[in-house]
Structures are given as C-alpha cells and as structure tokens.
Amino acid sequence: MKEKLLFIVFHGIDKLGIGIGKKIHAQVQAFKTLGFNTALSYLDVDEQGHYTGRLADGNNIDRYKPVLGKYISWLWRLKYNSILAFIKQEQVKTVYIRYTHFANPFFIRFLRKLKKLNVLVLLEIPTYPYDAEYSFGKFSDWIIKKFERRYRRYFYKYIDRIITFSNEKIIFGIKTINIHNGIDLSSINIKKSHSGSADVHLIAVAVMNIWHGYDRLIEGMNRFYQNNRETNVYLHIVGDSTDKESKRYKEMVSAYQLEKYVLFHGFCSGNTLDVLFDQSDLAVGPLGFHRVQVNYITPIKLGEYTARGIPFVYSGTNHLFDNLPFVHKVPEDESVIQVEKLVEFVKNYKFNPIEIRKFAEDNLTWDRQMRKILNEFKK
C-alpha cells in the first residue's frame, strides 16, 4: 500500500497567479510518480474571490458560513479541524505545506497535533528571505507580518524539514532541503525558430511586482531610442496589466513616448502566448529581487523560458543558470539596463531552441526536483 501524502495550500489554486497553480499540480503529480498516494487540499473560492471552504482530494471537507451575508476573508487562518480530521481518517503519514507567511497560534497548535500523530511535516517556503516584501505592502500586511514573525520562531519544534529554493542550509533553526523550481514540460511548447530580422523582440511574462524590476528595462529603452539606433527593439510585456506596477510601467512608457516599442498584452495563454514567444528573440526574467533583499533566485519563469527554448536575461544569482551560454546577466542593482548589450547578445550568438529545451529536460522537471526530497529521507 502506498504511503499517503497530503499537499496543503492555504489559498485558492486560481488565486495564486500565472503559473503557480500549474506548479502545484505538477508537484502533486511528481509525488505520485515517485510512489506516494498524494491528495491535494486547498481553499475553495467563489466567483467574487471569497474563500468559502476547503477541499481535499477533490471533496469538500469544510464550508465557511458568511456572517451578516459576508464571508470573512481571514477565517481560513483559524480553521484546521477539517484538515486534521482528513489526516486521521486517511491515515496520512506525510504533509507538505506550501507556506505563505501565515504563522499564528492556531497554525502552531495544528503543527503540534501533527507531531502527536507522528506525521512527517515538510514546509515549503516559495521565496526566502521574504520579510522585505512587506516594506511595499499595506499597513494591514505589516501587522500580519509582525504576528507571523512572533510565531514562526516555534516552527523548529514541529517541522521536520523546510523545502527551500534558496541556498540556505538552516532556516528558523530547521535543516533545509534545497531544490529548484521545476517545470511541467508537457504543458510548455518549444518556440519556433523565426527567420532572421533586423528587429529584436524582447518578451517579459509575469504577474508584475516590485521585484520584477521592468522599470530598469523601460529606462534602458528610453535611452536606447534617444541615440537614434538603427535596430528597432520591441518589448512585449505579458501579464496582469491592472495592478500597481503595471500602471507605473505604462506611465513611464507614456512619458517617454515609447508606445510603439513597449507593448502591453495583458494576460495571455495558449496559442496567443506561443505566437508571442515564436516572434521573440530574448526573454526577460526578474531584474529587481535585490529590492526585497533576495540574492539567490529560482523563479519559475526562468525554467519556463528554458523549456520554451529561448535565451533570457536576469539579475541575481542562480548556480544552475549563471554560466550557461544562453543566459545574459545584468547587474543586481538599480542601474539602467543597457539595451544595446542585449541586442549584441542576440545578434552575436546563434541559439538552438532544441538545445536549450534539452537542458530543461535534463535538469528542471518536477520529478527530478521532488526526488531530492525523497532521497533526503532515504538516507
């Protein structure tokens, strides 16, 4: 009989942004491939974005009742009994928790009960360190963060390993297992090689946040065109175009009169996204993680670019990518991106999409990454 593992998410899958829900399902599938009887538990979300309950293994295990006709947005932070009941009923031996900064007395009590049940507890921290992220948030976020910092200091008592995409060996006094963000190759099409053109097309795909740092590139585009360059460079920004960062980018583009060269496509997927990648020469990864004091980066997007077979640029450190021929690094600071160097990189090197994707096949599948966790416990 296969050992039962429960993968717990404290958000709705569809509320986690482009690529994150897909990532979670790929991780669950990887655990299944490795021999675990794996169930996924996450919050149920209605059409208005309210958290209305919790699901596990596709079934409702808890429903949240509205108060005075309204759902309480933070109720999930207190509700753990349904998960515990499921763990007992299904005889779950291992829980894998995707941790998004919600430590409180109720979560600590939940961990304590898991320990009494002799359940192995793995805690994944998607980005670490993360405290600086709250410097850019609302006051309410800051209050929640203060609460979280107080209670996470008890993690060491109940958590067996922390799964991190950083290089840290110890977090919160707990040994870590270091993995890299993986990808589901079956869901990502390789780009088609396009005929040589004097123009250069850049593509940046993300849910815009301060750490993406695309303002550095827009500043670079402005300087590039001030010098009457012969090569036309186009930047295609794909992702949420209504949030704060996107609005700031649009204001910059308007102020610099770059509307012809910086194009906002909004959210794209499927064939529409494939076509944009097919016409692009270079993809743009994060350029501003230093703003939230993160030096070692493993964003999903770099893996997806590799699977697409497209070269890319980013700032920060990643030991898997840093010295590869299809990667261009830029300084990890607030300097303006030198677009002419990106053009030179594209023009001077011949990139083979098949060879780039082969690197993803050999190094970046979720099966390979999650096996690192299994190997740790086989020791």
Side-chain angles (χ1 to χ4, degrees), residues 4-29 31-32 37-90 92 94-114 117 119 121-127 130 133-134 137-145 147-148 151-152 207 209 239-240 242-244 266-267 269 300:
K4 188 83 172 186
L5 181 148
L6 180 63
F7 194 118
I8 308 175
V9 179
F10 287 86
H11 283 284
I13 293 295
D14 294 332
K15 295 288 287 183
L16 293 175
I18 299 173
I20 303 298
K22 183 168 62 176
K23 164 191 170 179
I24 290 168
H25 284 296
Q27 287 178 288
V28 169
Q29 184 57 49
F31 274 127
K32 291 179 178 178
N37 179 7
T38 309
L40 173 62
S41 177
Y42 57 93
L43 297 179
D44 198 9
V45 185
D46 66 14
E47 293 181 356
Q48 288 72 45
H50 301 127
Y51 295 130
T52 60
R54 173 167 287 280
L55 297 135
D57 222 3
N59 300 309
N60 290 317
I61 61 170
D62 198 2
R63 305 310 300 169
Y64 303 160
K65 296 180 180 179
V67 177
L68 299 178
K70 294 184 178 181
Y71 286 99
I72 302 174
S73 62
W74 44 263
L75 188 61
W76 62 270
R77 295 176 181 272
L78 319 180
K79 303 272 283 182
Y80 293 95
N81 287 341
S82 62
I83 309 176
L84 278 169
F86 181 87
I87 289 169
K88 292 177 182 178
Q89 178 181 326
E90 298 296 321
V92 172
T94 303
V95 297
Y96 187 101
I97 300 170
R98 187 176 194 272
Y99 180 68
T100 46
H101 323 157
F102 48 79
N104 62 37
F106 299 92
F107 183 59
I108 297 301
R109 185 171 63 180
F110 170 65
L111 294 177
R112 186 184 304 122
K113 290 183 177 180
L114 291 180
L117 292 172
V119 172
V121 180
L122 306 175
L123 190 84
E124 176 194 301
I125 301 180
T127 303
Y130 55 80
E133 292 180 20
Y134 293 86
K138 298 178 293 186
F139 179 73
S140 59
D141 292 335
W142 182 81
I143 293 295
I144 291 172
K145 182 61 199 154
F147 213 64
E148 189 266 349
Y151 285 96
R152 73 188 186 194
V207 178
N209 281 298
D240 191 346
T242 59
D243 57 273
K244 183 178 178 181
F267 173 77
S269 62
I300 298 173

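Worth saying up front: this structure is predicted, and the values here are computed from it rather than measured.
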For Ala56 and Ile61 the tightest heavy-atom approach is CB-CD1, 3.8 Å
One should read off an interatomic distance between Thr38 OG1 and Leu40 CG, to the nearest 0.5 angstrom, of 9.5 Å
The reported gap from CD1 in Ile125 to CD1 in Ile97 (rounded to nearest 0.5 angstrom) is 11.0 Å
Please lay out, stage by stage, how Leu6 and Tyr96 fare under the test side-chain contact (heavy atoms from CB on, under 4.5 Å). CA-CA 6 Å; Leu6 180 63; Tyr96 187 101; over 6 Å; no
Inset, instruction - Evaluate the criterion side-chain contact (heavy atoms from CB on, under 4.5 Å) for residue pair Val67 and Leu75; output intermediate values, then yes/no. - result: CA-CA 11 Å; Val67 177; Leu75 188 61; over 6 Å; no
Interatomic distance, CG@Leu114 vs CD1@Ile8, rounded to 0.5 Å, equals 7.0 Å
Rounded to the nearest 0.5 angstrom, the CH2-CG distance for Trp76 and Asp44 is 15.0 Å
Task: Arg98 and Tyr42: CA distance, side-chain angles, deciding distance, side-chain contact (heavy atoms from CB on, under 4.5 Å) verdict - done: CA-CA 10 Å; Arg98 187 176 194 272; Tyr42 57 93; over 6 Å; no
Worksheet item: Below 4.5 Å, heavy atoms only, C-beta onward: do Asp57 and Lys4 meet side chain to side chain?
Response: yes
Note to self: Within the structure provided, determine whether Phe31 and Gln29 are in side-chain contact (heavy-atom separation under 4.5 Å).
What the structure shows: no
One should read off an interatomic distance between Arg152 CZ and Leu123 CG, to the nearest 0.5 angstrom, of 11.5 Å
**Prompt:** Phe107 and Phe102: aromatic ring centres closer than 6.0 Å?
**Reply:** yes
Is there a donor-acceptor pair closer than 3.5 Å between any side-chain N or O of Thr52 and the backbone N or O of Tyr64?
no
Would you kindly check if the NZ (Lys) or CZ (Arg) of Arg54 is within the cone defined by 45 degrees around the ring axis of Phe10 and under 6.0 Å from the six-membered ring centre?
yes
Measuring only between side-chain heavy atoms, which start at C-beta, is His25 closer than 4.5 Å to Lys22?
no
Residues Pro105 and Phe147: closest non-hydrogen pair is CD-CE2, 3.7 Å
Nearest heavy-atom contact between Gln48 and Asp46 is N-OD1, 3.0 Å
message: Does any part of the side chain of Phe7, heavy atoms only, come nearer than 4.5 Å to the side chain of Ile24, both counted from C-beta?
response: yes
Applying salt bridge (Lys or Arg N to Asp or Glu O under 4.0 Å) to Lys79 and not counting sequence neighbours gives Asp62
**Prompt:** Any side-chain heavy atom of His101 sitting closer than 4.5 Å to one from Ile144?
**Reply:** no
Output for pair (Asn104 CG, Arg77 CZ), nearest 0.5 Å, gives 7.5 Å
